[in-house]
Amino acid sequence: MPAQERGTERPRMWVERGEVTDAAAEAAAAVHGGEGRWVRISAAVAGMGRTAALDEIVRRQAVDGVMRVGRARGAPEETEFPFGVVRQLFADDVGVPFAALDGPDEQRVFHRLVTHTARIAAERPVLFVVDDLHHADEASRRWIGYLARRFPGLPVLLVLSACAEASDPVRLPAATGTSVLLPPLSASAVTGLARAAGLDEERTATCVAAGAGIPALVHALVADLAGGPLPRPPSAAARSRYRDTIVDWVRHRLDPHARHACLALAVAAEEETSGPGLLDRLRAPGPHGRASGGHPDSALGALLRHPLAREAVLAAAEPGEVAALRIHLAESLHENGAAATAVASRLLHVAALDEEWMVRALDEAADEALRAGRAAEAATYLRHALSGPLAPDRRAALAMRLGALELPHSATAGIRRLRTGWELHTDVREQATAATALSAALVADRRPDTALRVMQRASRMADDDGLVPVLQTLTALISSHDAVAWRGAVADLRALAPTAPAGVEPLVCGLITEYEAGAGLCSAAEVLARVGPRLTAPVDPRLRTSWLGSAATLLQWADRLVEARGLADACLPAPPAPPDLTDVGVQCLLSVRAEAALWAGDFRTVIAENAPLVSASAGQGVQLPHLTAMVTTALFELGRRAEAWETLTAVGPSGTDSSWEWSELGYARALLYSADGAWQEALDAYLACGAGQSARDFVSPVATPWRSGAAIVLARLGRWAEARELAEVEVGHARTWGTARTVGRALRAYAAAVGGRQALESLVEAAEVLGTGAAPVELAETLLDLGRAHLAAGNGRKGRAALREAHALALRLAAPAPGASTPSGRLLALTDGALREGGVRKRARSEDDGRVLTAAERRIVELAAAGHTNAQISSVLCLARRTVESHLTNAYKKLRITRRTQLAAALAADARTTDGAPAGGRPDG
């Protein structure tokens, strides 16, 4: 800070410095008594007020000329000028030499100067003030020590200032003086200065943090922040005094090796990754070939943690100097086993990546960040790695990885990277892998025709007999997103099947089976017979995720939700790592995982696992219509209809896209319209969904039961004949497939279409069928309709039982979210309303609702109470043994028993509780 500014700011700078003036006053008293004294004022860094302290001492001790004053200041530029500081102390010409002297010659000069000092001190005491003694020349330092050793009887006060951490510039006799260390200003002192200048709380906090208690910086900040928040552009009318103070300090107040150490500290402070000993390696050697030891690292470290200070220090560097330090630091971290992200974060500041280890470190850091779920950070590392000199195949691999990361957020950028990687690869196998990834991205971006052209080109370029069937099968999988291409692909797969290699055959079979299942040409049992043995068969590694995606899809359709979910969980990355959307098999597995959770009624899991990806992909990213449909439906089931609509509309219309994913989205749209009572819009959405499915020869209700939904809506609109026709077709296809979910769902739709006694019979059968499976939503809906039908038919006892069972099931599905006090959901609202409409009293939820046996549980418990073993029950009801055991476990909990022998009595008590209402259908309350 310029001298004139220091003078004008003295009163404000003089805060928490009483120890200095007290020490000087005590020494001055001894001097006036004829005894010389020295006071050395030191500070860890520049700007702590050493010069201000000297000014204050002069002002107090030399008032009215009671002491003769001689002042000097050391400067880095004058350290080689012999006797430069001494010459400043003596205003008159006393023959101070201009050259270094040896031995006796120097001693004679020293003696003569001390004699001269004693002579003038005899007239009045002398105050010698030397600022920045650590920058003084060697001859002057030696003379100052010579003078201090002759203080007895010499009325001279010697006041010095020096950097605390510098090597001791002068050895002073302890008996005749004292050293005072200037500490940083306290936070309360800085706060007082800032508040006195009218700064608000936020700017005051900046003064405390960025000032680090260094008075020069604190006062510069106070002055700067009075004009508005920092940083401001350098061209602004009010320049940053804070920045200028630091830049001037680094450029002009530090010697070369200390300056190098300061810059090294600033570079190290850019990231919190500096390990023990790292800074020593970074600082040594400095630019002048010697270590910069002894620099105040601790004090500067605290200051340079603030970005304003770091920016100012680095602004004082010469071109290329900081880049060299960053490379040196990154290399030191790399060689000493630091985390890859610690190395890479330094390399991000390096413009020229001219060594292989740099690219390798960035690549490893991308992996590390990706495993931690920090996809954006990983993309940043890869993007920077691509700026270095790379071989074509290396560049291609990095571009492919980066494209996969960019795809969810920017489809255009991701696909552009993937295309670059595909075109750069020189190896045919790598080209094929890249073509598959690019095609998967194009499919996700609603461009299946372009995706198929890429795969066809890759197939033409394949010169490996083992690669051709792999590409043909993957092309078929990608074709499933285009209605016309899908039919042709299935025909090609049928031709390939008899001669398909062992590693390719499972996926060939899986895709053909998917087509036949959708076309109503096989049952769930036949599908399981095909899939089961192939799950343990060897599969080409290039087809593994695609095969498991196909197998999981078929298992899910067959209501083997646990097994389907297990396959998905085994392949998908564990959270928080993001999935790779350039893998078409991963796309399938994501869909299966979401839909399996939805079918199981685990709505919160659907949202937790998929909503972040759906949200991240909204806007410029790839569209994920199936996952969007799953999240929309889960929100709908939880009663969050407004959020469901918002999620759905964020995707936009399907246009001419014939991918199966858009049929799922259309089905979700129809559900929302139905819930809103917009029956015609719901019907249109169901029929559009059906048109998309029919174009793919998909007639089975296993995936999107659009006919069931349309039949119910048509019944609402009074178009009974159309409703019945659709429902009958649906029941036929459902019975062909044969799972409880599809049959029960179709029977419920048929009941809505026919009404009367037929409806009641159909609902009874639907409830019985659904009670043997794991379809909680469909069962609750069916029980709700069945309860209403029984009540309408005058059978109050059965109606109340069905409604209560539906309500208990709805309660389980609507389990409250963490932190919520009450459950909520679509089915819970419907069952609550049905109970009120039917005049049925709800049991106290805390005790009774959880004890209501489902229809499936009751049948199994009755057989067990009659003496049947679990194996016999499994055979009679055609259920898996573990399903029987699971139902019995749940029933024991609900009936509050622990042994099989208690079942009969518990069933009788439960029957009395359920049938306690009057038989005539009188309201229960």
Side-chain angles (χ1 to χ4, degrees), residues 522-537 551-552 554-567 569-570 596 599-602 702 734-745 747 764-776 778-780 782-783 801-802 805 808-809 812 850-911 914:
C522 61
S523 67
E526 292 174 289
V527 166
L528 293 175
R530 295 184 196 180
V531 172
R534 288 175 172 83
L535 285 175
T536 56
L554 293 167
L555 288 171
Q556 177 204 319
W557 288 352
D559 262 358
R560 296 294 184 88
L561 303 184
V562 174
E563 293 95 323
R565 171 88 189 201
L567 291 181
D569 287 341
W599 286 12
D602 195 355
V702 65
R735 292 195 188 280
T736 297
W737 181 246
T739 60
R741 186 186 307 273
T742 53
V743 173
R745 191 166 51 200
L747 287 171
V764 169
E765 182 185 357
E768 290 177 351
V769 170
L770 288 168
T772 64
E778 290 80 359
L779 179 57
T782 298
L783 290 170
E805 188 174 345
L809 191 52
R812 181 168 66 81
R851 297 184 59 197
V852 177
L853 296 177
T854 65
E857 290 167 347
R858 184 170 291 279
R859 280 192 297 276
I860 290 170
V861 166
E862 287 171 349
L863 288 171
H868 292 79
T869 65
N870 289 358
Q872 291 170 333
I873 296 171
S874 174
S875 177
V876 169
L877 297 180
C878 299
L879 296 174
R881 184 164 179 172
R882 62 180 177 180
T883 302
V884 173
E885 293 168 350
S886 175
H887 281 314
L888 277 173
T889 299
N890 290 337
Y892 279 21
K893 291 178 181 178
K894 292 179 179 181
L895 296 173
R896 297 178 183 175
I897 60 174
T898 57
R899 296 189 301 278
R900 208 178 187 95
T901 54
Q902 298 172 303
L903 279 173
L907 275 176
D910 186 67
T914 305

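Each residue takes its place number in the sequence, starting with 1.
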For this session: Might you point out which heavy atoms bring Ala767 and Leu783 nearest each other, and give the distance in Å?
Result: CB-CD2, 4.2 Å
Exercise. Does some side-chain heavy atom of Leu747 sit less than 4.5 Å from a side-chain heavy atom of Leu770?
Worked result: no
Exercise. Does Trp737 use its side chain to pair, donor to acceptor, with the backbone of Trp557 at less than 3.5 Å?
Worked result: yes
Exercise. Do His868 and Val884 pass the side chain to side chain contact (heavy atoms under 4.5 Å, CB included) test, and can you show the C-alpha distance, the side-chain angles, and the key distance before you say yes or no?
Worked result: CA-CA 12 Å; His868 292 79; Val884 173; over 6 Å; no
Exercise. Roughly how far apart are Asn870 CG and Ile860 CD1, rounded to 0.5 Å?
Worked result: 9.0 Å
Seminar exercise, completed: dist Arg534:CZ -> Leu554:CG (nearest 0.5 Å) comes out at 11.0 Å
Problem set entry | Close side-chain approach of Leu528 and Leu555, heavy atoms under 4.5 Å | yes
For this session: Kindly give the heavy-atom pair with the smallest separation between Cys522 and Val527, and that separation in Å.
Result: SG-CG2, 3.7 Å
Exercise. Above 12 or not: heavy atoms from other molecules or residues under 6.0 Å from CZ of Arg560?
Worked result: no
For this session: Please examine the side chains of Leu863 and Gln872, heavy atoms only from C-beta on, and report whether any two atoms are closer than 4.5 Å.
Result: no
Exercise. Going by heavy atoms in the side chains, are Leu561 and Arg741 under 4.5 Å from each other?
Worked result: yes
Seminar exercise, completed: Of all heavy-atom pairs linking Arg812 and Pro776, the shortest is NH2-CB, 3.9 Å
Exercise. Under a 4.5 Å cut-off applied to non-hydrogen side-chain atoms, are Glu768 and Arg859 in contact?
Worked result: yes
For this session: Taking the side chain as every heavy atom from C-beta outward, state whether Glu765 and Thr782 have any pair of such atoms under 4.5 Å apart.
Result: no
Problem set entry | For the student: nearest non-hydrogen atoms of Val861 and Ala891, plus distance | CG2-CB, 3.4 Å
For this session: Over all heavy atoms of both residues, which pair between Thr772 and Ala740 is shortest? Give the atoms and the distance, please.
Result: OG1-CB, 4.0 Å
For this session: Over all heavy atoms of both residues, which pair between Ala865 and Ala904 is shortest? Give the atoms and the distance, please.
Result: CB-N, 4.2 Å
